[in-house]
Amino acid sequence: MVEAAYHAAEGGVLDVQGFKDLFAEDGVFNNVVAGESFRGEQLGDQVVTMGRLVPDIHRELHRFHVMGNIVAVELTIEGTFAGPFETPVGVIQPTGAKLSVPTADFWYVEDGKIKEFNCYFGISALLAQLGVQPDFASAVTGATEADS
């Protein structure tokens with residue numbers, strides 16, 4: 001089932017409905033690092049978002065561990081930055097950069113359906129590969145002004 005979910009989200013496939021159909025009626029997809037949760041019709045939103053950002057998206061599965069109803073996967077999300085990346089301050093235009101983002105996924109399966117999917121996506125690695133560097137100076141200045 002978990003392998004089917006990865007397959008449905010591959011760049012050459014992008015079967016959003018097939019991905020959603022693998023989930024239980026009350027299933028949830030948690031993008032843990034971003035603090036986002038998706039249910040119902042929204043379950044495929046991240047598949048669509050990643051497909052736009054990286055149309056040739058591929059997940060290289062490094063380690064796959066099954067422990068009862070829990071499946072833990074160490075993987076790398078790979079592909080080419082070919083779609084716009086929307087940020088709170090504007091859109092980063094595609095650069096063609098090759099991406100290789102470390103990720104850890106935890107799938108909880110009950111009665112043949114995905115009950116919960118927790119994705120820990122290496123956003124700091126993605127941002128660095130897109131050329132987005134943290135603005136430490138603004139953070140330090142902001143903290144100093146807040147202390148005043």
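The basis for the numbers below is simple: all heavy atoms, side chains too, and nothing from hydrogens, waters or symmetry mates. The residues of the chain are indexed from 1 along the displayed sequence.
Ring geometry for Phe38 versus Phe29: interplanar angle over 60°, hence perpendicular rather than tilted (30 to 60°). Ring geometry, Phe23 versus Trp107: the interplanar angle falls from 30° to 60°, so the pair is classed tilted.
Remark: Glu25 CD is loosely packed, at most 12 non-hydrogen atoms of other residues, nucleotides or ligands lying under 6.0 Å away. Taking a 6.0 Å sphere around NE2 of His62, one finds it holds more than 12 heavy atoms contributed by other residues, nucleotides or ligands.
Not counting sequence neighbours, the partners of Asp26 by the salt bridge (charged side-chain N to carboxylate O under 4.0 Å, His left out) test are Lys115. Not counting sequence neighbours, Ala128 has no partner by the side-chain contact (heavy atoms from CB on, under 4.5 Å) test.
When hydrophobic clusters are built by joining Ile, Leu, Val, Met, Phe, Trp and Tyr residues whose side-chain heavy atoms come closer than 4.5 Å, directly or via intermediates, Leu126 is grouped together with Ile92. Transitive grouping of hydrophobic side chains (ILVMFWY, heavy atoms separated by less than 4.5 Å) keeps Leu130 and Val91 in distinct clusters. No continuous path of ILVMFWY side-chain contacts below 4.5 Å connects Val28 to Phe106, so the two sit in separate hydrophobic clusters. One hydrophobic cluster, built from ILVMFWY side chains closer than 4.5 Å, cannot hold both Val13 and Leu43; they sit in different ones.
To the nearest 0.5 Å, atoms CD (Glu78) and CD1 (Ile57) are separated by 10.0 Å. The distance from the CG atom of Asn69 to the OH atom of Tyr108 is 8.5 Å, given to the nearest 0.5 Å. Within the model, atoms CG of Asp15 and CG of Asp21 stand 8.0 Å from one another, a figure rounded to the nearest 0.5 Å. Taken to the nearest 0.5 Å, the CG atom of Asn31 stands 8.0 Å off from the CD1 atom of Ile123. In this structure, OG1 in Thr103 is found 12.5 Å from OH in Tyr120, a value given to the nearest 0.5 Å. How far CG of Asn30 is from CZ of Arg39: 7.0 Å, rounded to the nearest 0.5 Å.
The nearest pair of heavy atoms linking Cys119 to Asp105 is SG-OD1, 3.2 Å. When all heavy atoms of Ile114 and Ala5 are compared, the pair lying nearest together is CD1-CB, 4.2 Å. Across every non-hydrogen atom of Ser138 and Asp135, the tightest pair is OG-OD2, 2.5 Å. When all heavy atoms of Gly83 and Pro94 are compared, the closest pair comes out as N-CB, 3.7 Å.
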### Task
Evaluate the side-chain contact (heavy atoms from CB on, under 4.5 Å) criterion for residues Ile77 and Leu99: first the C-alpha distance (whole Å), next the side-chain angles of each, then the deciding distance (0.1 Å), finally the verdict.
CA-CA 7 Å; Ile77 297 178; Leu99 304 177; over 6 Å; no
### Task
Check the pair Glu116, Glu110 against side-chain contact (heavy atoms from CB on, under 4.5 Å), reporting the backbone distance first and the verdict last.
CA-CA 9 Å; Glu116 184 176 343; Glu110 288 182 11; over 6 Å; no
### Message
Checking Gln46 against Phe117 for the side-chain contact (heavy atoms from CB on, under 4.5 Å) test, could you report, in this order, the C-alpha distance in whole Å, the side-chain angles of both residues, the deciding distance, and whether it holds?
### Response
CA-CA 12 Å; Gln46 286 298 106; Phe117 167 37; over 6 Å; no
### Message
Using side-chain contact (heavy atoms from CB on, under 4.5 Å), reason through Val132 and Phe85 one step at a time and then give a plain yes or no.
### Response
CA-CA 11 Å; Val132 178; Phe85 181 57; 5.7 Å; no
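With Thr95 contributing its side chain and Ala97 its backbone, the two residues share a donor-acceptor pair below 3.5 Å. Looking only at distances, a side-chain donor or acceptor of Gln129 sits under 3.5 Å from a matching main-chain atom of Ser100.
The salt bridge (charged side-chain N to carboxylate O under 4.0 Å, His left out) analysis of residues 57-72, with sequence neighbours excluded, yields the pairs Glu10-Arg59, Arg63-Glu74.
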